[in-house]
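Scroll down for the structure; my scribbles are underneath it.
Order of appearance sets the numbers: ligands from 1, and atoms from 1 within every ligand. Quick caveat: nothing in here was measured; it's all calculated off a predicted structure.
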Amino acid sequence: MQLAHRVSKVTPSMTLAIDAKAKALKASGMDICSFSAGEPDFDTPEHIKAAAKQALDRGKTKYGPAAGMPELKQAIADKLASEDRLEYTADQIIVTNGGKHSLYNLMMALLDPGDEVIIPVPYWVSYPEMVKLADGEPVFVITDAANGYKITPEQLEAAITPRTKLFILNSPSNPTGMVYTPEEIRAIAEVLSHHEQVAIAADEIYKKILYDGAQHLSIGAVSAEMRSRTIISSGFAKAYAMTGWRIGYLAGPLDLIKAATKIQGHSTSNVCTFAQYGALAALTESQDCVESMRQAFAQRREVMFQRLNAIPGISCLKPDGAFYLFPNIKELGLSSLQFAEMLLEEAQVAVIPGIPFGMDTNIRLSYATDLNTIERGCDRLYTFVKNRINNQRPTVR
Ligand code: GLU
């Protein structure tokens with residue numbers, strides 16, 4: 001069959017592929033330590049599940065408005081106002097099938113052929129692929145570990161051209177876990193204030209998962225002008241352990257949200273109706289679950305960070321958000337893909353190679369898993385690397 005050209009431009013999602021492989025190996029009885037997908041190991045909190053179950057029992061099983069349930073959109077608007085100083089009306093919000101789908105809608109609504117989209121490297125796997133699916137052109141800016149893998153104002157300024165339509169800002173970051181400080185956000189906003197043709201996609205899905213007093217400042221809250229050009233993308237998966245529910249949202253300028261709603265109205269229609277009641281409970285009821293999961297992630301981060309840095313040939317920055325570590329493995333002399341494949345094969349540890357994030361010198365590990373798996377996985381990683389280093393040594397004659 002002659003497939004559409006657009007499909008040949010994109011690669012499959014490696015995060016999903018490796019996660020599926022790790023889960024299948026586990027299901028077949030193998031003892032796999034998986035640090036692959038960014039998926040909290042916690043079950044969705046009971047009160048959220050109860051709200052969805054009640055909605056089912058009350059017959060909330062019909063179509064709803066394509067852009068989402070009005071009560072949920074209002075609750076999202078209220079939270080953005082109280083937590084982030086971002087004022088939106090409910091009609092400036094669209095509820096989508098996960099954070100990923102919100103970004104896809106955004107790209108489809110905004111990009112024309114040839115529009116450039118600035119993406120700092122390393123990036124989350126799906127950004128460039130979505131840009132290409134929407135006929136845009138990804139423009140990569142390679143960041144430096146010395147800057148915490150964050151784009152500098154100078155790098156951003158240098159990358160902007162008259163064709164730049166969008167800049168993707170992801171903080172806290174997947175895959176690095178790094179968080180832009182409020183000062184850094186303001187410096188980025190200052191650059192963008194001189195280029196009014198550039199919109200900002202602010203992917204803030206990890207904003208509730210912060211450590212060591214790190215602060216999240218949304219770029220949309222810097223000034224009225226920034227807010228008018230920023231589209232917030234977020235979702236419920238990470239902070240509320242709701243990955244499989246598929247509920248995300250966009251908040252932004254009315255014309256963009258209307259355009260995204262038009263696209264959604266012809267593609268997916270509304271997000272699962274009773275699931276939206278679960279999301280409403282997540283936002284409007286106690287936030288204690290978010291904090292207790294965050295505390296567990298904080299403890300796991302500490303353990304995995306110490307363990308990784310104790311492995312010869314591996315060096316890792318300490319991130320202050322999300323639930324990923326992104327260590328450098330360059331010294332070990334393997335590509336990230338070779339490393340990840342051999343590690344899974346020889347040591348039954350699943351990690352994501354850096355290459356689909358645009359950085360072949362690193363690997364990504366998610367610590368959204370239990371401490372026992374983290375300890376066992378790091379033991380195996382240590383042995384794997386030690387064996388490799390020993391085998392690499394030239395033979396003494
Ligand atoms: N966002 C998560 C990750 O990066 C889930 C997988 C995906 O959607 O790509 O692991």
Side-chain angles (χ1 to χ4, degrees), residues 10-24 26 32-44 96-107 119-133 138 149 168-179 201-209 232-250 268 271 293 297 300-301 304 319 321-327 336-337 340 343-344 349-359 362-369 373-374 377:
V10 297
T11 52
S13 166
M14 208 182 278
T15 44
L16 296 186
I18 294 178
D19 183 54
K21 185 169 178 184
K23 282 177 177 158
K26 251 188 192 173
I32 303 288
C33 292
S34 181
F35 306 126
S36 55
E39 175 165 58
D41 58 324
F42 301 107
D43 196 5
T44 304
T96 59
N97 284 284
K100 185 182 284 186
H101 184 226
S102 79
L103 288 162
Y104 184 74
N105 277 341
L106 161 60
M107 307 287 177
I119 305 177
V121 181
Y123 45 74
W124 178 51
V125 286
S126 295
Y127 297 149
E129 309 310 290
M130 288 182 189
V131 170
K132 288 185 271 178
L133 284 170
Y149 298 116
I168 302 182
L169 181 59
N170 174 216
S171 179
S173 155
N174 175 3
T176 68
M178 292 300 172
V179 180
D203 181 351
E204 303 187 346
I205 193 159
Y206 295 96
K207 73 165 187 189
K208 287 179 186 284
I209 307 174
I232 309 287
S233 162
S234 194
F236 293 78
K238 313 298 183 180
Y240 297 97
M242 292 172 70
T243 47
W245 292 61
R246 309 315 300 140
I247 312 183
Y249 59 86
L250 285 178
T268 60
V271 170
M293 286 189 270
F297 294 142
R300 297 162 179 193
R301 175 188 71 136
M304 195 184 247
F323 36 59
Y324 304 108
L325 293 176
F326 196 59
S336 63
L337 198 56
L343 185 65
L344 185 56
V349 175
V351 300
I352 310 281
I355 192 75
F357 304 105
M359 206 161 262
N362 293 52
I363 55 171
R364 190 195 77 175
L365 295 92
S366 161
Y367 52 85
T369 190
T373 303
I374 291 173

Side chain to side chain contact (heavy atoms under 4.5 Å, CB included) partner of Phe357, chosen from Val121, Ile352, Asn362: Ile352
With a 4.0 Å heavy-atom cut-off (strictly under), which part of [X] contacts ligand 1: side chain, backbone, both or neither?
| X | result |
| --- | --- |
| Leu16 | side chain |
| Phe323 | neither |
| Arg364 | side chain |

Heavy atom of Ala37, distance to ligand 1 below 4.0 Å: yes
Atom 9 (O) of ligand 1: the protein heavy-atom neighbour that sits closest, reported with distance to 0.1 Å: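 So the nearest neighbour among protein heavy atoms is Thr15 OG1, 2.6 Å.
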Geometric N/O contact Gly38 with ligand 1, under 3.5 angstrom: yes
Under 3.5 Å: N/O of Asn174 near N/O of ligand 1: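 For ligand 1, there is an N or O atom that lies under 3.5 Å from one belonging to Asn174.
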Shortest heavy-atom approach to atom 1 (N) of ligand 1 - which of Lys100, Lys238, Glu39: Lys238
Side chains of Tyr367 and Phe297 in contact at under 4.5 Å (non-hydrogen atoms):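 Yes, at least one pair of side-chain atoms sits under 4.5 Å.
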Asp41 and Arg300, any side-chain heavy atoms less than 4.5 Å apart: yes
Separation of Ser233 OG from Tyr104 OH (nearest 0.5 Å): 15.0 Å
Rounded distance (nearest 0.5 Å) linking atom CD1 of Ile168 with atom CE of Met130: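 One finds 8.5 Å between CD1 of Ile168 and CE of Met130.
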Enclosure of Lys132 NZ (heavy-atom neighbours >12, cutoff 6.0 Å):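 Check passes, neighbour count above 12.
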